[in-house]
Amino acid sequence: MKKTRVSLAVGAVAGVLLLGALAVNASADEAPRSADSRQAEKAAVPPAPPTPEWVNPDGTVDVSKMPEEMPLIGADGKVVKDANGKTLMVKTRVNLAESGAPQGPLAGPRAGEKRSTSTDAEGRKTETVEVKPSVPPAH
């Protein structure tokens with residue numbers, strides 16, 4: 001009976017050692033990967049879309065090659081459609097008026113404006129401006 005127990009114990013130890021050796025060999029075959037590369041695989045970022053034909057290599061835009069309208073893209077990155085399933089388009093060529101240098105406020109009263117000044121006994125000046133509201137008050 002002692003022989004049976006000893007041979008079973010030796011067999012079990014040999015089996016555990018064999019399984020451990022297989023596990024070590026299998027893990028040695030895999031190339032070690034850093035935690036950063038595993039995290040990058042999980043959060044793989046899709047590649048950037050191709051550069052449109054109206055964008056030059058230096059990043060400037062050739063307006064003559066740009067389409068007049070483009071599909072509207074939503075926050076989820078998908079094309080936005082109306083209730084009938086038609087793709088909503090955005091105009092790309094909006095005429096902006098050329099603006100010059102910023103200008104200071106205009107002197108004198110504006111439409112709907114009434115100004116008055118007063119001086120108190122100590123020589124301090126107070127300016128009062130009354131302006132009519134441009135929209136009706138909220139209820």
Side-chain angles (χ1 to χ4, degrees):
M1 187 129 150
K2 278 189 172 187
K3 281 186 174 182
T4 307
R5 285 189 206 164
V6 171
S7 62
L8 284 175
V10 170
V13 169
V16 169
L17 290 174
L18 181 61
L19 287 174
L22 288 173
V24 169
N25 190 22
S27 66
D29 289 343
E30 296 178 10
R33 294 183 297 175
S34 67
D36 291 337
S37 68
R38 279 181 255 136
Q39 187 175 1
E41 288 175 10
K42 288 180 185 176
V45 178
T51 304
E53 61 270 5
W54 60 86
V55 177
N56 298 322
D58 65 353
T60 58
V61 175
D62 184 352
V63 180
S64 66
K65 294 180 183 176
M66 188 175 205
E68 291 189 27
E69 288 185 328
M70 295 179 70
L72 177 64
I73 306 298
D76 58 358
K78 296 179 182 176
V79 175
V80 178
K81 298 187 181 223
D82 66 9
N84 298 325
K86 184 179 175 188
T87 300
L88 295 178
M89 302 298 281
V90 178
K91 295 188 184 300
T92 59
R93 297 184 186 177
V94 179
N95 293 331
L96 299 175
E98 290 292 324
S99 62
Q103 296 180 0
L106 299 173
R110 297 183 184 171
E113 190 176 87
K114 181 180 175 186
R115 292 178 177 258
S116 62
T117 57
S118 61
T119 307
D120 67 6
E122 296 177 5
R124 293 181 289 223
K125 289 191 173 186
T126 304
E127 181 179 24
T128 306
V129 180
E130 293 179 38
V131 180
K132 290 182 185 176
S134 59
V135 293
H139 295 286

Contact check, side chains of [X] and [Y], non-hydrogen atoms, under 4.5 Å:
X      : Y      : answer
Ser116 : Glu127 : no
Val79  : Ile73  : yes
Thr92  : Met70  : yes

Which residues pass the salt bridge (charged side-chain N to carboxylate O under 4.0 Å, His left out) test with Glu122, sequence neighbours left out?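 Salt bridge (charged side-chain N to carboxylate O under 4.0 Å, His left out) list for Glu122, sorted by chain: Arg124.
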Polar side-chain atom of [X] near backbone of [Y] as donor-acceptor pair, under 3.5 Å:
X     : Y     : result
Thr87 : Lys81 : no
Asn84 : Lys86 : no
Asn56 : Gly59 : no

Identify whether Met66 and Val55 are in the same connected component of the hydrophobic contact network (ILVMFWY, side-chain heavy atoms under 4.5 Å).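 Same cluster.
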If you compare all heavy atoms of Glu53 against all heavy atoms of Lys65, which two are closest, and at what distance to 0.1 Å?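 Glu53 and Lys65 have their closest heavy atoms at O-CD, 3.8 Å.
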